[in-house]
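Position 1 is the first residue of the sequence, and the numbers go up from there. Since we're looking at a predicted model, the values are computed, not measured.
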Amino acid sequence: HALSLGGGFLAAGATAVIGTLAPVPDNDARALFRIIHRELARGQSPAAAVRTAQREAIANEARGQKSAWRAIAVLTNRIDSTEL
């Protein structure tokens, strides 16, 4: 299959890439990636940052705010057992 943009970064040596699996509306992307950047700045791993953003979005969905949290993913070239 074709190499994605994220796959290209992995091939170039990045250990993790955060991206989307499907198109995400701008407002959803802004909200989700704001949380992800906040968590990365706090020292969280990419997987933990995405997990936090997805959990916050799920909590907001329970209050009636739809979100594209399902489309956010971490691409990696390694599996860290502490993240499982």
Side-chain angles (χ1 to χ4, degrees):
H1 66 80
L3 188 64
S4 69
L5 182 61
F9 280 103
L10 290 173
T15 58
V17 177
I18 299 171
T20 62
L21 302 173
V24 175
D26 290 343
N27 288 338
D28 288 347
R30 184 180 309 109
L32 289 163
F33 280 96
R34 184 171 286 149
I35 297 166
I36 290 168
H37 285 129
R38 179 193 71 204
E39 294 302 310
L40 291 170
R42 290 180 177 169
Q44 293 297 316
S45 69
V50 168
R51 183 171 46 246
T52 297
Q54 289 175 325
R55 285 180 175 167
E56 288 187 27
I58 291 167
N60 289 336
E61 263 189 6
R63 293 188 288 273
Q65 298 174 351
K66 295 290 183 190
S67 175
W69 63 266
R70 293 167 187 85
I72 306 297
V74 178
L75 301 175
T76 185
N77 56 13
R78 64 184 180 90
I79 301 294
D80 183 354
S81 63
T82 63
E83 292 291 333
L84 299 177

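Heavy atoms of other residues, nucleotides or ligands lying less than 6.0 angstrom from CZ of F9 number 12 at most. Atom CZ of R38 is surrounded by more than 12 heavy atoms from other residues, nucleotides or ligands within 6.0 Å.
Closest approach of A49 to Q44, counting heavy atoms only: N-CB, 4.3 Å. Of all heavy-atom pairs spanning R70 and E61, the tightest one is NH1-OE2, 3.5 Å. Across P46 and A16, no two heavy atoms sit closer than the pair CG-CB, 3.9 Å.
As a member of the Ile/Leu/Val/Met/Phe/Trp/Tyr network built from side-chain separations under 4.5 Å, V24 groups with nothing else and remains a singleton.
Under the 4.5 Å side-chain contact rule for hydrophobic residues, L21 and I35 do not share a cluster. By the rule that hydrophobic residues join a cluster once side-chain heavy atoms approach within less than 4.5 Å of another member, V74 and L32 end up as members of one cluster.
With contacts defined as side-chain heavy-atom distances shorter than 4.5 Å, the pair V17/L5 does not qualify.
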Discussion item. Would L40 and I18 count as a side-chain contact (heavy atoms from CB on, under 4.5 Å) here? Give the steps.
Written reply: CA-CA 11 Å; L40 291 170; I18 299 171; 4.2 Å; yes
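A distance-only check finds a donor-acceptor pair linking the side chain of Q54 to the backbone of W69 [under 3.5 Å]. Looking only at distances, no side-chain donor or acceptor of T20 sits under 3.5 Å from a matching main-chain atom of I72. In this structure a side-chain-to-backbone donor-acceptor pair under 3.5 Å is missing from D28 to S67.
R34 has no carboxylate O lying under 4.0 Å from a charged side-chain N of E56, or vice versa, which leaves the two without a salt bridge.
Here the CZ atom belonging to R42 is positioned 8.5 Å from the OG1 atom belonging to T52, to the nearest 0.5 angstrom.
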